Amino acid sequence: MTSRIKIALLFLFSFLLISAVRSQDASRESDLVDLGRRLLKGSATRRRDTALQQAGKLHISALPVVGYTLQTGFAGVLSANFAFYTSSEGPTNISSILTSVTYSQYRQIIFPIQADIWTKGNNYNIITDWRYLKYPSLTYGLGGNTSPDSGYNIDYAYLRLHQAILKRIARDLYLGPGYDLDYFWNVREVDPPAGKETDFQQYGLHKTAIASGVSLHFLYDARHNQINPDGGGYASVSYRPNFTFLGSDDNWQSLILDLRKYLRWPGNTHNVLAIWSYNWFTTGAGRPPYLLLPATGWDAYSNTARGYIQGRFRSRNMLYLETEYRFRILSNGLLGGVIFGNAQSFSEPGSGRYEYFMPGYGTGLRISLNKFSRTNLCIDYGWGTHGSGGFFVNLGEVF
């Protein structure tokens with residue numbers, strides 16, 4: 001399916017959605033469930049949440065779809081988001097658990113469980129990132145000057161177990177330890193270029209790779225809704241030393257700086273200007289596994305650099321900046337839109353300098369799946385350099 005056809009279908013879908021809700025009262029919040037009730041049952045009565053912060057009350061957003069992304073091709077996806085409060089007393093952020101099961105055209109299996117749990121009064125923040133991947137995919141080599149024609153297939157299985165518990169030390173400030181395990185097995189190159197050594201082989205290609213380390217996390221989080229922020233700021237500093245005595249193949253360290261700011265603009269609307277800086281560094285004399293080097297689209301939620309395929313660029317250090325403007329198309333919040341731009345740069349092998357700058361940009365739709373948790377279905381189309389481009393789909397905002 002060509003890019004023009006994909007874009008035409010995207011706008012056709014939005015036109016049909018707008019037409020279906022044109023007769024609704026736009027003065028109140030609405031979501032896809034309200035629209036379904038109206039179309040299937042003829043009921044114009046919207047659901048109302050009688051307990052916005054009721055402990056244990058689940059707001060569930062589930063979506064079985066056939067999707068398409070650059071890295072998976074066509075895929076069957078069952079995705080779910082569970083949002084809830086752990087306490088009905090005092091200021092407590094909404095907690096969320098995001099999971100999905102994906103089987104793709106390229107025989108990939110993707111099964112993540114990612115949780116962001118806030119205890120009563122926001123005294124503790126419990127962060128979980130567990131994943132299993134069977135992941136045939138593309139790699140393009142190291143640095144920012146790799147050719148889009150240089151990609152070839154690699155295959156591996158991957159288990160990721162990251163867990164952290166942060167304690168509040170002041171208002172909106174948290175500090176705490178974690179443990180991170182990354183295990184790769186059955187790693188192999190499927191169709192490497194003939195007649196020359198690949199960057200993967202030069203760096204160190206092994207059938208298995210293990211990284212095991214403790215981590216220390218500093219967090220500032222002034223957002224009240226982490227699923228769909230409309231104000232406040234976020235700053236995360238994560239330092240992870242990996243040690244051979246914990247089972248790691250080598251001693252090395254990583255440092256991730258994740259900074260975000262959300263501004264309502266104009267101030268009297270629901271529109272939001274969001275800014276994201278994600279900077280990922282590896283240090284130490286030891287070598288991180290090739291598959292754990294900073295890379296395009298390999299942040300915690302695989303969202304950096306819309307416009308490029310996951311793994312398009314890879315190196316020991318990564319700088320990243322993105323801005324996105326989120327606006328309502330319908331005043332009841334059922335349908336919205338975004339425009340975004342981003343830029344990434346990777347350190348060059350050998351020199352360590354940042355010599356190349358890769359921009360991306362795009363636009364997309366937001367469809368409200370659950371107005372109580374403010375969970376959106378995000379459908380974006382992004383463009384990059386050298387003809388790069390494609391669809392990117394998320395349950396919940398990109399950042």
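What you see below is based on every heavy atom in this structure, not just the backbone, and it leaves out hydrogens, waters and symmetry mates. What you see is a predicted model; the values in this text were computed from it and never measured.
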Visitor: My understanding is that only residues two or more places apart in sequence, or in another chain, count here; which of them pass salt bridge (Lys or Arg N to Asp or Glu O under 4.0 Å) with Glu189?
Guide: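 Result, salt bridge (Lys or Arg N to Asp or Glu O under 4.0 Å) vs Glu189: none returned.
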Visitor: Show the nearest heavy-atom pair for residues Leu369 and Val33, with the distance to one decimal.
Guide: O-CG2, 4.0 Å
Visitor: Report yes if the side chains of Tyr361 and Ile339 come closer than 4.5 Å at any heavy-atom pair, otherwise no.
Guide: no
Visitor: Can you tell whether the side chains of Asp199 and Arg314 come within less than 4.0 Å, N to carboxylate O?
Guide: no
Visitor: So does Gly352 get a backbone contact from the side chain of Asn317, meaning a donor-acceptor N/O pair under 3.5 Å?
Guide: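 The answer is no, because no donor-acceptor pair under 3.5 Å joins these two groups.
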Visitor: Going by the salt bridge (charged side-chain N to carboxylate O under 4.0 Å, His left out) test, which pairs reach into residues 119-147, not counting sequence neighbours?
Guide: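 Those involving residues 119-147 are Glu89-Lys120, Asp129-Arg131, Asp129-Arg160, Lys134-Asp155.
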Visitor: Would you check if the side chain of Ser104 reaches a backbone N or O of Gln108 as a donor-acceptor pair within less than 3.5 Å?
Guide: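 Side chain of Ser104 to backbone of Gln108: a pair is present.
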Visitor: Should Leu257 and Leu216 be regarded as members of a common hydrophobic cluster, given that ILVMFWY residues are connected when their side-chain heavy atoms come within less than 4.5 Å of each other, either directly or indirectly?
Guide: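 In one cluster with Leu257: Leu216, yes.
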Visitor: Linking I/L/V/M/F/W/Y whenever their side-chain heavy atoms sit closer than 4.5 Å, directly or via other members, would Leu138 and Phe200 fall into one cluster?
Guide: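 Different clusters: Leu138 never reaches Phe200 through Ile, Leu, Val, Met, Phe, Trp or Tyr contacts under 4.5 Å.
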Visitor: Verify side chain to side chain contact (heavy atoms under 4.5 Å, CB included) between Asn81 and His59, making sure each step is shown before the conclusion.
Guide: CA-CA 8 Å; Asn81 180 291; His59 300 295; over 6 Å; no
Visitor: Who clusters with Tyr106? Use side-chain heavy atoms, under 4.5 angstrom, across I, L, V, M, F, W and Y, and order the result by chain and number.
Guide: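 Besides Tyr106, the hydrophobic cluster comprises nothing; the residue is isolated.
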Visitor: Side chain of Tyr278, backbone of Arg260: donor and acceptor closer than 3.5 Å?
Guide: no
Visitor: Would you please test Leu291 and Tyr135 for side chain to side chain contact (heavy atoms under 4.5 Å, CB included) and show each step?
Guide: CA-CA 11 Å; Leu291 295 170; Tyr135 211 60; over 6 Å; no
Visitor: Please report the shortest heavy-atom distance between Gly297 and Thr304, naming the atom on each side.
Guide: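 Closest approach of Gly297 to Thr304: N-OG1, 2.9 Å.
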Visitor: Please report the shortest heavy-atom distance between Gly213 and Asn242, naming the atom on each side.
Guide: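 Scanning both residues, the minimum pair turns out to be N-OD1, 3.5 Å.
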Visitor: Please tabulate, for the side chains in residues 175-183, all donor-acceptor contacts under 3.5 angstrom to protein atoms that are two or more places apart in sequence or on a different chain.
Guide:
residue: Tyr179; atom: OH; partner: Ser212; partner atom: OG; Å: 2.7
residue: Asp182; atom: OD1; partner: Tyr158; partner atom: OH; Å: 2.4
residue: Asp182; atom: OD1; partner: His162; partner atom: NE2; Å: 3.3
residue: Asp182; atom: OD2; partner: His162; partner atom: NE2; Å: 3.0
residue: Asp182; atom: OD2; partner: Arg240; partner atom: NH1; Å: 2.8
residue: Asp182; atom: OD2; partner: Arg240; partner atom: NH2; Å: 2.9

Visitor: Is Trp130 atom CH2 crowded by more than 12 heavy atoms from other residues, nucleotides or ligands, each under 6.0 Å away?
Guide: no
Visitor: For Pro64, what residues pass the side chain to side chain contact (heavy atoms under 4.5 Å, CB included) criterion, not counting sequence neighbours?
Guide: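 Leu78.
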Visitor: Give a yes or no on whether the backbone of Thr244 and the side-chain of Asn251 come within a donor-acceptor separation of less than 3.5 Å.
Guide: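 Checking the backbone N and O of Thr244 against the side chain of Asn251, a donor-acceptor pair under 3.5 Å is found.
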Visitor: Pairs in or reaching into residues 283-293: which pass salt bridge (charged side-chain N to carboxylate O under 4.0 Å, His left out), with residues at least two apart or in two chains?
Guide: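 Qualifying pairs: none.
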Visitor: Taking all non-hydrogen atoms of both residues into account, name the closest pair between Thr92 and Trp118 and its distance.
Guide: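 In terms of heavy atoms, the two residues are closest at CG2-O, 4.0 Å.
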Visitor: Looking only at heavy atoms, what is the nearest atom pair of Trp252 and Leu292, with distance?
Guide: CZ2-CD1, 4.1 Å
Visitor: Please check if the side chain of Asn342 supplies one atom and the backbone of Gly360 the other of a donor-acceptor pair under 3.5 Å.
Guide: yes
Visitor: Would you say Ile60 ends up clustered with Ile117 if hydrophobic residues are merged whenever their side chains have heavy atoms under 4.5 Å apart, either directly or through other cluster members?
Guide: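 Ile117 clusters together with Ile60.
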Visitor: What about Tyr239 and Tyr174, same hydrophobic cluster or not, with Ile/Leu/Val/Met/Phe/Trp/Tyr joined at side-chain heavy-atom distances under 4.5 Å?
Guide: no
Visitor: Linking Ile, Leu, Val, Met, Phe, Trp and Tyr through side-chain heavy atoms less than 4.5 Å apart, which residues share a cluster with Val190?
Guide: none
Visitor: Counting heavy atoms not belonging to Trp265, are there more than 12 under 6.0 Å from its CH2?
Guide: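 Counting neighbours around CH2 of Trp265, 12 or fewer heavy atoms of other residues, nucleotides or ligands fall under 6.0 Å, so no.
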Visitor: Which donor-acceptor pairs under 3.5 Å do side chains of residues 391-399 form with protein atoms, sequence neighbours excluded?
Guide:
residue: Asn394; atom: ND2; partner: Asn303; partner atom: OD1; Å: 3.2
residue: Glu397; atom: OE1; partner: Arg366; partner atom: NE; Å: 3.1
residue: Glu397; atom: OE2; partner: Asn376; partner atom: ND2; Å: 2.9

Visitor: When you compare the side chain of Tyr156 with that of Thr208, does any pair of heavy atoms fall below 4.5 Å?
Guide: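 Side-chain contact under 4.5 Å: no.
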Visitor: Strictly by modelled atom types, are Asp258 and Trp276 linked by a side-chain donor-acceptor pair under 3.5 Å?
Guide: yes
Visitor: Do the side chain of Ser277 and the main chain of Leu259 share a donor and acceptor less than 3.5 angstrom apart?
Guide: no
Visitor: Would you please say whether a donor-acceptor pair under 3.5 Å links the side chains of Asp31 and Asn370?
Guide: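 No, because no side-chain N or O of Asp31 sits under 3.5 Å from a partner of the opposite role on Asn370.
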Visitor: Do Gln344 and Thr296 get their side chains close enough for a donor-acceptor pair, meaning under 3.5 Å?
Guide: yes
Visitor: Before you tell me yes or no, could you show the steps for Val187 and Leu205 under side chain to side chain contact (heavy atoms under 4.5 Å, CB included), namely the whole-Å CA-CA distance, both residues' side-chain angles and the distance that decides it to 0.1 Å?
Guide: CA-CA 8 Å; Val187 180; Leu205 173 60; 4.0 Å; yes
Visitor: Hey, does Gln163 have a side-chain heavy atom less than 4.5 Å from the side chain of Ile126?
Guide: yes
Visitor: Should side-chain heavy atoms under 4.5 Å link Ile, Leu, Val, Met, Phe, Trp and Tyr, which residues sit in the same cluster as Val338?
Guide: Phe340
Visitor: Give me the ring orientation class for Tyr132 and Trp185: parallel if the planes are under 30° apart, tilted from 30 to 60°, perpendicular past 60°.
Guide: tilted
Visitor: Could you list all the salt bridge (charged side-chain N to carboxylate O under 4.0 Å, His left out) pairs where at least one residue sits in residues 161-171, not counting sequence neighbours?
Guide: none
Visitor: Name each donor-acceptor pair under 3.5 Å that joins a side chain in residues 227-238 to protein atoms two or more places apart or in another chain, with its distance.
Guide:
residue: Asn228; atom: ND2; partner: Arg374; partner atom: O; Å: 3.3
residue: Asp230; atom: OD2; partner: Arg264; partner atom: NH2; Å: 2.7
residue: Ser238; atom: OG; partner: His217; partner atom: ND1; Å: 3.1

Visitor: Indicate yes or no for a side-chain donor-acceptor contact from Thr128 to the backbone of Gln114 under 3.5 Å, with no hydrogens or angles considered.
Guide: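 Pair absent, no side-chain N/O of Thr128 close to backbone of Gln114.
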Visitor: Ignoring hydrogens and geometry, is there a side-chain-to-backbone donor-acceptor pair from Tyr262 to Val272 under 3.5 Å?
Guide: no
Visitor: Hey, is the main chain of Thr385 close enough, under 3.5 Å, to the side chain of Tyr308 for a donor-acceptor pair?
Guide: yes
Visitor: With the side chain counted from C-beta on, respond yes when Leu293 and Ser315 share a heavy-atom pair under 4.5 Å apart, and no when they do not.
Guide: no
Visitor: When you group the ILVMFWY residues by side-chain heavy-atom contacts below 4.5 Å and let the links chain together, are Trp298 and Tyr203 in the same group?
Guide: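 Cluster IDs for Tyr203 and Trp298 match.
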Visitor: Between Thr119 (side chain) and Tyr124 (backbone), is there a donor-acceptor pair under 3.5 Å?
Guide: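 Side chain of Thr119 to backbone of Tyr124, a donor-acceptor pair under 3.5 Å: yes, one is there.
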Visitor: According to the salt bridge (charged side-chain N to carboxylate O under 4.0 Å, His left out) rule, which pairs have a member within residues 211-228, sequence neighbours left out?
Guide: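 Salt bridge (charged side-chain N to carboxylate O under 4.0 Å, His left out) check on residues 211-228 returns Asp221-Arg223.
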Visitor: Evaluate the criterion side chain to side chain contact (heavy atoms under 4.5 Å, CB included) for residue pair Thr99 and Phe111; output intermediate values, then yes/no.
Guide: CA-CA 7 Å; Thr99 187; Phe111 177 44; 3.7 Å; yes
Visitor: Please report the closest heavy-atom contact between Tyr325 and Pro266, naming both atoms and the distance.
Guide: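 Where Tyr325 meets Pro266 most closely, the heavy atoms are OH-CD, 3.8 Å.
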